[in-house]
Amino acid sequence: MPLIAPVIRSCERETEIRQRYEVIGGKEVRVTYYALEAKVGKDAARVQVVTRKVGEKGHHYFQSIMKY
């Protein structure tokens with residue numbers, strides 16, 4: 001968890017963007033997933049953070065974190 005903010009700050013661009021429609025609250029809305037990747041931490045490990053945005057004007061929500 002402490003690596004999330006450094007990845008978001010140091011990532012220059014999204015490594016992957018995916019869009020799909022999901023049913024949330026009984027409505028079908030477009031959900032966009034963003035994969036951000038950077039080398040961070042003491043060991044300079046490559047870490048990928050996935051966020052998602054619900055709707056057109058939605059906020060980004062933390063989804064997952066993966067260390068390589």
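We number each residue from 1, following the sequence as shown.
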Take V31 and I24, measure what side chain to side chain contact (heavy atoms under 4.5 Å, CB included) needs, and give me the verdict at the end.
-> CA-CA 10 Å; V31 178; I24 299 175; 4.0 Å; yes
Evaluate the criterion side chain to side chain contact (heavy atoms under 4.5 Å, CB included) for residue pair L36 and E14; output intermediate values, then yes/no.
-> CA-CA 5 Å; L36 310 171; E14 300 90 359; 3.8 Å; yes
Quick one: does T15's side chain have a donor or acceptor within less than 3.5 Å of a partner on A35's backbone?
-> yes
From CD (E28) to OH (Y21), nearest 0.5 Å | 7.5 Å
Is it true that E22 and R52 make a salt bridge, defined as a side-chain N closer than 4.0 Å to a carboxylate O?
-> yes
Linking I/L/V/M/F/W/Y whenever any side-chain heavy atoms sit under 4.5 Å apart, do Y34 and I8 land together?
-> no
Verify the cluster assignment for I4 and V40: are they in a single hydrophobic cluster under the rule of side-chain heavy atoms below 4.5 Å apart?
-> yes
Interatomic distance, NZ@K39 vs CZ@R46, rounded to 0.5 Å, equals 8.0 Å
First locate atom CD of E37, then atom CZ of R13, and finally report the distance between them rounded to the nearest 0.5 Å.
-> 10.5 Å
V29-V50 co-clustered via ILVMFWY side chain contacts under 4.5 Å | yes
Determine, step by step, whether R20 and Y33 satisfy the side chain to side chain contact (heavy atoms under 4.5 Å, CB included) criterion, reporting the C-alpha distance in whole Å, the side-chain angles of both residues, the deciding distance to 0.1 Å, and the verdict.
-> CA-CA 8 Å; R20 57 186 275 184; Y33 292 90; 3.9 Å; yes
